[in-house]
Structure formats: structure tokens, C-alpha cells
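Structure first, commentary second.
What you see is a predicted model; the values in this text were computed from it and never measured.
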Amino acid sequence: MPKKFLSLLLLIFVICAFCVATRHVQAATPQKERVDLLISGGTVVTMDSGKRVIEGGAVAVRADVIVAVGARQEIESRYEAARTIDAHGKIVLPGLINSHAHAAMSLFRGLADDLSLDDWLRKYIFPAEARNVTEDFAAWGTKLSLLEMLRGGITTYADMYYFEDAVARVTKEAGMRGVLGETIIDFPAPDNKTLDQAYNYTQKFIDHWKGDPLIIAAVAPHSIYTCSEKTLEDSAALARKNGAPILIHIAEAPFELEQSRAKHGLTPVAYLGRIGVLGPDVLGAHCIAVNSADIATLAHFGVGCSHNPSSNMKTAAGVMPVIEMLAAGVPVGLATDGAASNNNQDLFEEMDLAAKLQKISRMDPRALPAAQVVEMATIGGARALHLEKRIGSLEAGKQADLIIVDTSAPHAAPMYNVNSELVFALKATDVRTVVIAGRVIMDERKALTLNEDEILQKAREYQKQIVASLAQK
Ligand SMILES: [Zn+2]
């Protein structure tokens, strides 16, 4: 055999061996998909339609979206992340949704308590608002609430207040998600002295935030007892012209029911239905004074409702019939209300109280079990705000809003049942890490987008100013 031919054979053999070897290596280490963030290990509470809880789970996030949720080994074998957060021994769940707040009112926290709603409003809150609420007040008061909400695992909140454009600006700066409603009310407000001014402001506000990934501008006619029929109709028309949600207090206390019956011959829910305000774009806060026909009406129109147990107990407003509403198919979320009537923005506390309030008011310990309460604080709140396609659960394709909660404190050990743990044992201070739209906003309890020292300093300054303003006659 010629030498040349032998060399050629050897060369072909070497090339083939190389090809086989490289193919083998490629098969052994398949290319992993790149993602930005992996949360790995821990108990993953998905709140998906099957209510899957994955022990030793993981969540993969690319940009602002969840790309996969599953067992840790499976997710880690498929994805390679720029950053991995170890969640072993912790609970990973969707960010909490606070479906009703007046964030800026945090600066009135503890200003006046233990009063009738009427005295509280007329002697303290309305005068304090008239003398102090400016755009600067709204911005700093909101920042104080955002800091508190963030540290307690709230990633989305619904707000009703004044200067809502400033509220939106600081919410966006903090990287948090908000459904923010400019209040429309039949008396001169701190920002708009007439209804025409209020409608103009609200239109500009909606235009300003159109298409924003975090901020949804809403229209917030205050209530049926502070807005005329025309105001309610015009506010709803403005919202619907723009495709904006409507936030409104509905049946929040017995006095509202009495007034509505006397004035309109109807319950508040029936009245709002008759004048065309109710619809699948409405979130009603409180919904306490409702009968079974009202509940059917709310379900019929697809209205979402917000339950505020602390505030309802503190103002002795009554108890929302949560169980009947859920049974009728009304989406019910959980909320803190403003810090002036709560006095905090802690949804862990609201979860605990929501369950206990139904139990004691019915003398039935089986009422409103923990799993249902966790649902109200997450996907239920998303449904109430009509955002369940975007947020509220950990599922591929949804926005990456999630929190990591520590379970190592004495009050949390041992953990038999994750829902029981979340509702009855854990506290807002157990939240370690918060991710909103894929961005880590709080890292190991450090707020990354809000300056805590500066905010607390401003709160103290405003306290002095508010006390001085109320001393003036
Ligand atoms: Zn309210």
C-alpha cells in the first residue's frame, strides 16, 4: 500500500474520531437558555389554576416576564441566569396585591383615632387635608407608604387620592406597580377646585401614563355620598372613553345604605347599577352594606371588590360578606385602606384579620380558610383589579412580580402548611426580597429604589407642620 494512501486513511480516521467526540460532548452539555434571574429552591406557591405548591421549586425570569416555573433541577438544567437567588428554606410567592389604599394619607397616621367616622373626618381629616395636602405632600406621603408596602411584600397597589400624577411619578420611580385613581369629588379638592378642572386633570393624567408598563391611570369618583348622579355618570364616561378602570367606595358603612335608600329608594349597589356605573372595569372598595340581591348584581356586572378588614373594624363599619361574595363569583381582593384609618399598610396583618373576622362574626372557625385568604391577597386581588392575565400568579408569560419570605424566625417554626404559615404566623417583616417586573426592588430587606432616611425625615417634618396647622383656628 502506498505511503500516501495510508496517510490519507489516517487523516480521515482522525477527522471522523474528532467529529464523533465533539458530537458526544455537545450531547452531554446541551446549550442552556439564557435568562436574567433565577430564584432557586424553597417552597414555590404558584397560585396558578391548579394551586400548585412546588417544594424545592424554581422560577426563571427574562426581562420583566416569567419564562418558567417548576422543580429546581428541571429549571436549573434548562436555564442559565445572570443572577441566581437562593431561596432554600424560604417561601416564594406572587407579590401581594393591595387593592385599596390612600397612600399619601400615611402622613396622617395616628393623627386621630377612636372617633366616629363622622367626627374623625370632619374634625380632623378634612381640615388637615385642606391645610396641608399639596403635590409635595402627596409625593412624600406616597413614598412613605411605598416604602412600607415594599418592605411588606406588596408589589401592586390601587390608590385613590389627589395629585395622582405625582403619586404615579413616585410609584414609577420606586419601580412599583400601581392602579392609580385621581379622586373626583363634589367639593373643592386640594388639587382641583372645580369638577371641570378635575376632569381636565384626569384626562391629562390618563394621557401621560398611557401604555406605561407599571402605571395604570384610573378614574376614582369618591363615593355615592360625596358625588352627585351627574358626577358619577360623567366620571364613568370619562373612564370608559379612555379605557381606564374606575375605582370607587361602595356601600362602605351603614350610613351610606340609609342615605341611599332615603334619596334614591335603592341600595348603593342597585343605584350604581341603575345609573350605569357598574361594569367589568370597576373596583368597589369595602362593599359592606350589601344584601344577596346586591351580591348577584356585583357578580352580574363583573365588579371586583376590595376587602379592608382592619379599617372596617377600626371604624366599626361592619363586616363584608366575603364568603357569600366569593360563592357568587365576585372577585374579592384584600387591602389596607389608608394608613390614617388602619394604621398601617401591612397585607400580612390583613390576611390574618380577614380570616379571623369571618370566623368570629359567624362563630364558625371553618369560615374563610387560609388558602382562600392567600388567594385574595394574590390572584384574587388581580381579578378584583381586572389584571389577572398579567399578575397575581407565578406562571410562564406573566409579569415577574414575586416575593421571597423567610421562615426561619421563631414565630414561623415549624411549618406544616404553607397557607397557614402565610396567613396566621408570618409577618410583613419576614419578607426578604421583592421582585417587580423582573427587577429586584428590595434585596435582603434593603429597599433599593427608595431612600429610607430621607423619607422618614420628611415624615417628621410633615408631622410638625400638620400639628401646627390644626392648632390654627
Ligand atoms: Zn378608602
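When the shell of 6.0 Å around CZ of F424 is examined, it contains more than 12 heavy atoms from other residues, nucleotides or ligands. No more than 12 heavy atoms of other residues, nucleotides or ligands sit less than 6.0 Å from atom NZ of K389. Remark: D114 CG is loosely packed, at most 12 non-hydrogen atoms of other residues, nucleotides or ligands lying under 6.0 Å away. Around NZ of K193, the count of heavy atoms belonging to other residues, nucleotides or ligands within 6.0 Å exceeds 12.
With contacts defined as side-chain heavy-atom distances shorter than 4.5 Å, the pair V303/V269 does not qualify. Contact of the T267 side chain with the V290 side chain is not registered, since no non-hydrogen atoms from C-beta on lie closer than 4.5 Å. Within the 4.5 Å cutoff, side-chain heavy atoms of I250 are placed close to those of C287. Using a 4.5 Å heavy-atom cutoff, the side chains of P245 and I216 are in contact. A 4.5 Å side-chain heavy-atom check between R274 and L266 finds at least one atom pair inside the cut-off. When side chains are defined from C-beta on, T429 does not count as touching R151, because their heavy atoms never get closer than 4.5 Å. When side chains are defined from C-beta on, N98 does not count as touching T156, because their heavy atoms never get closer than 4.5 Å. A heavy-atom distance below 4.5 Å is not found between the side chains of S235 and I246.
The only member of R177, K172, R169 that meets salt bridge (charged side-chain N to carboxylate O under 4.0 Å, His left out) when paired with D212 is K172.
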Audit row: D281, H386, side-chain hydrogen bond (donor to acceptor under 3.5 Å, both in side chains) steps and yes/no: CA-CA 7 Å; D281 47 2; H386 315 288; over 6 Å; no
side-chain hydrogen bond (donor to acceptor under 3.5 Å, both in side chains) evaluation trace for E55 with T43: CA-CA 5 Å; E55 293 296 342; T43 303; 2.9 Å; yes
Pair S306-N308, side-chain hydrogen bond (donor to acceptor under 3.5 Å, both in side chains): steps then yes or no: CA-CA 7 Å; S306 167; N308 301 248; 3.3 Å; yes
Steps toward salt bridge (Lys or Arg N to Asp or Glu O under 4.0 Å) verdict (E324, R362): CA-CA 12 Å; E324 288 78 2; R362 291 158 187 268; 2.6 Å; yes
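Taking the charged nitrogens against the carboxylate oxygens, D113 and K314 do have a contact shorter than 4.0 Å, which makes a salt bridge. Between E258 and K263 there is no salt bridge, since no side-chain nitrogen of the basic residue lies less than 4.0 Å from a carboxylate oxygen of the acidic one.
Note: F137 and Y162 fail the aromatic proximity criterion, with ring centroids not under 6.0 Å apart. Between H249 and H100, the distance from one ring center to the other falls under 6.0 angstrom. Between F255 and Y225, the ring center distance clears the sub-6.0 Å criterion.
Using modelled atom types, no side-chain atom of R109 and backbone atom of A339 make a donor-acceptor pair closer than 3.5 Å. Formation of a donor-acceptor pair under 3.5 Å by the W209 side chain with backbone atoms of A168 is not found in this model. In terms of modelled atom types and a separation under 3.5 Å, the side chain of S260 and the main chain of E256 share no donor-acceptor contact. Q203 contributes no side-chain N or O that, together with a main-chain N or O of A198, makes up a donor-acceptor pair within less than 3.5 Å. A donor-acceptor pair under 3.5 Å is absent between the side-chain atoms of E421 and the main chain of N417, judged by distance alone. Between the D165 side chain and the F205 main chain, no donor and acceptor come within less than 3.5 Å of each other. Under the 3.5 Å distance criterion, the side-chain polar atoms of Y157 are left unmatched by any main-chain donor or acceptor of A103. Although no hydrogens or angles enter the test, the distance criterion places no donor-acceptor pair under 3.5 Å between the side chain of Q345 and the main chain of M149. Checked by atom type and distance alone, the side chain of K398 pairs as donor or acceptor with a backbone atom of I391 at under 3.5 Å. A donor-acceptor distance shorter than 3.5 angstrom exists from the side chain of D346 to the backbone of F348, with no hydrogens or angles considered.
In this structure, a donor-acceptor pair under 3.5 Å is absent between the side chains of T46 and E395. Between the side chains of D159 and H102, no donor-acceptor pair is found at a separation under 3.5 Å. For the 3.5 Å distance criterion, the side chains of D430 and H411 qualify, holding a donor opposite an acceptor. Side-chain contact check for Y161 and E129: at least one donor-acceptor pair (N or O, by modelled atom type) lies under 3.5 Å. Defined by atom type and a distance below 3.5 Å, a donor-acceptor pair is present between the side-chain atoms of N344 and E349. At a cut-off of 3.5 Å, with distance as the only test, no side-chain donor of S311 or N342 sits close to an acceptor on the other residue. Under the 3.5 Å distance criterion, with hydrogens and angles disregarded, no donor-acceptor pair is assigned to the side chains of T194 and N192. For the residue pair T231 and S228, a side-chain donor N or O sits within less than 3.5 Å of a side-chain acceptor on the partner.
I288 contributes atom CD1, which lies 8.0 Å from atom NE2 of H307 (distance to the nearest 0.5 angstrom). Separation of atoms CD (E229) and CG (D234) is listed at 11.0 Å; rounding is to 0.5 Å.
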